[in-house]
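Single-structure report; data block below.
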Amino acid sequence: MCYDVATNYKRQLKEAERLGADKSEIDFLSKKLKELEKLKRYNESIEHYYTSGFSHQKLGVITADKPDELQFFQWGLIPFWVKDSKTAQKLSNQTLNARGETIFEKPSFRAAAKKRRCLVVLTGYYEHYWADAKGKRKIPYYIEFKNKLPMYMGGLWEEWVDKETGEVVKTVTIVTTEANSALAKVHNRDESNPRMLNIIPNEMKFDWLHEIQNDSDKKFIESLIRPYPEEELTIYPVGQLRGKNGLGDVPEAHEKVEYEDIEVPLFD
DNA sequence: CCAGACGTTGTT
DNA sequence: GTCTGG
DNA sequence: CCAGACGTTGTT
DNA sequence: GTCTGG
């Protein structure tokens, strides 16, 4: 499931420096980190080794209006037309992901797809492999770039006003696409519909934010919704994340685990 | 007309 | 806000 | 995070 | 009370 992510923004800069990333990338990240330093709550609720979408944490987002800032929007898109907080809560549990194939059609996504695309910045994310047919046992996998640079996911955002309280809530969803062949092996519960998050190639990240003025612009955006090559990804099993015995939001959530009692797919 | 849905991954 | 189903 | 299940033998 | 699934 594409509901589990890591957002270690401070580490992204350190890794980029350690691995000798381009100067432009380092500059880009350090500029964003300056914004982060201003946020007092930064260490409390923004930096996660592991977080579930259902806890609706804030994710780092880049929008077309403010391409130089890293903003923080609540995960789980609430369409602008939602009238009450009960519906808002219900919908936001169903809009953690948006199928890339239908974002321009679905009532919940089409307005945002046209006018409010964004990049969701992650350090990595998780998928669950089913070790048996019914998914009684699930093995989590961690996925990140081999070069450990930040992952820029295609996203959509909205601004929703709670009429009961006047509160303005900015929310975001992450676009999904067909899985590449490696991630299809991990996302194995339904062979006819393997999914992965829609990673936008680093050098094309701002293309995703381009304004749509005509049909060919729209076609261009649609062409960015596609599986990302597995050759650039590290994919490996990690320890249980959820539940009482789960690791939770700790550095160990990123550590590779050897499963001795069971055969699981492995990648180089 | 008007109430109810509006969604995903993975199930029923 | 807009569509669908009853 | 939080709502919902928490079970069996035997049947569909 | 505690675990699971969304």
Side-chain angles (χ1 to χ4, degrees), chain A residues 1-7 44-59 72-116 120 125-141 143 153-163 169 171-180 183-198 225 227 239-250 253:
Chain A
M1 52 192 88
C2 313
Y3 297 159
D4 303 287
V5 302
T7 59
E44 298 164 32
S45 61
I46 305 294
E47 184 102 2
H48 298 288
Y49 291 95
Y50 161 72
T51 185
S52 159
F54 295 101
S55 64
H56 301 291
Q57 300 291 343
K58 290 184 177 180
L59 300 179
F72 295 93
F73 296 175
Q74 184 178 302
W75 190 7
L77 191 109
I78 305 172
F80 67 94
W81 42 257
V82 168
K83 291 175 191 76
D84 60 279
S85 56
K86 201 182 159 198
T87 310
Q89 176 157 24
K90 184 169 166 251
L91 264 180
S92 70
N93 277 330
Q94 304 172 137
T95 54
L96 298 169
N97 294 148
R99 288 182 66 85
E101 294 88 336
T102 52
I103 51 171
F104 290 101
E105 292 143 38
K106 295 286 180 184
S108 293
F109 298 132
R110 57 195 175 198
K114 201 167 176 196
K115 303 209 171 208
R116 287 178 296 280
V120 179
Y125 77 101
Y126 301 88
E127 287 286 359
H128 284 79
Y129 170 76
W130 280 23
D132 57 83
K134 294 196 169 176
K136 291 207 166 200
R137 183 156 181 209
K138 300 185 185 76
I139 310 295
Y141 278 68
I143 298 131
M153 307 300 185
L156 312 173
W157 67 280
E158 278 285 2
E159 202 172 88
W160 178 70
V161 181
D162 185 339
K163 293 227 173 66
V169 187
T171 60
V172 66
T173 184
I174 310 178
V175 173
T176 65
T177 188
E178 191 188 332
N180 63 35
L183 283 170
K185 290 190 185 102
V186 177
H187 197 285
N188 66 330
R189 64 196 68 73
D190 177 1
E191 285 171 15
S192 67
N193 185 32
R195 309 295 295 169
M196 67 180 287
L197 292 184
N198 195 62
I225 302 171
Q240 294 300 316
L241 300 169
R242 314 193 298 197
K244 193 176 111 186
N245 301 314
L247 294 165
D249 189 1
V250 295

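Convention: sequence-line order gives letters A, B, ...; per-chain numbering from 1.
Nucleic acid contact class of A:K136 (heavy atoms, under 4.0 Å, all strands): none. Among the protein residues, A:A111 comes within range of no part of the nucleic acid, since none of its heavy atoms lies under 4.0 Å from any strand. Among the heavy atoms of the strands lying under 4.0 Å from A:T176 are primed sugar atoms or P, OP1, OP2 only; no base atom is included.
Of the C1' atoms belonging to E:dG1 and D:dT9, the separation is 27 Å, rounded to the nearest Å. The same atom, C1', is picked in E:dT2 and in D:dG10; the two are 29 Å apart, to the nearest Å.
Ranking C:dG1, B:dT8, D:dC1 by closeness to the A:K83 side chain, first place goes to C:dG1. For A:R242, taking side-chain heavy atoms from C-beta onward, the closest of the listed nucleotides E:dG6, B:dG7, B:dT9 is E:dG6. The side chain of A:S52 approaches E:dG6 more closely than any other nucleotide in the set B:dT9, E:dG6, B:dC6. Minimum atom distance to the side chain of A:F80 is reached by C:dG1, of the listed C:dG1, B:dT9, B:dG7. Comparing B:dT8, B:dT9, E:dG5 by their nearest atom to the side chain of A:K138 picks out E:dG5.
Ring stacking holds between A:F54 and E:dG6, with the centres under 5.5 Å apart and the planes within 30 degrees of each other.
Contact between the side-chain N/O atoms of A:R110 and the OP1/OP2 oxygens of C:dG1 is not found at any separation under 4.0 Å.
A:N93 and A:H56 share a side-chain donor-acceptor pair at under 3.5 Å. In the model, A:N97 has no side-chain atom that pairs as donor or acceptor with a side-chain atom of A:Y3 under 3.5 Å.
Classified by interplanar angle (parallel below 30°, tilted 30° to 60°, perpendicular above 60°), the ring pair A:Y129/A:Y141 is perpendicular.
Searching all strands for a Watson-Crick or G-U wobble partner of E:dG1 with both distances below 3.5 Å returns D:dC6.
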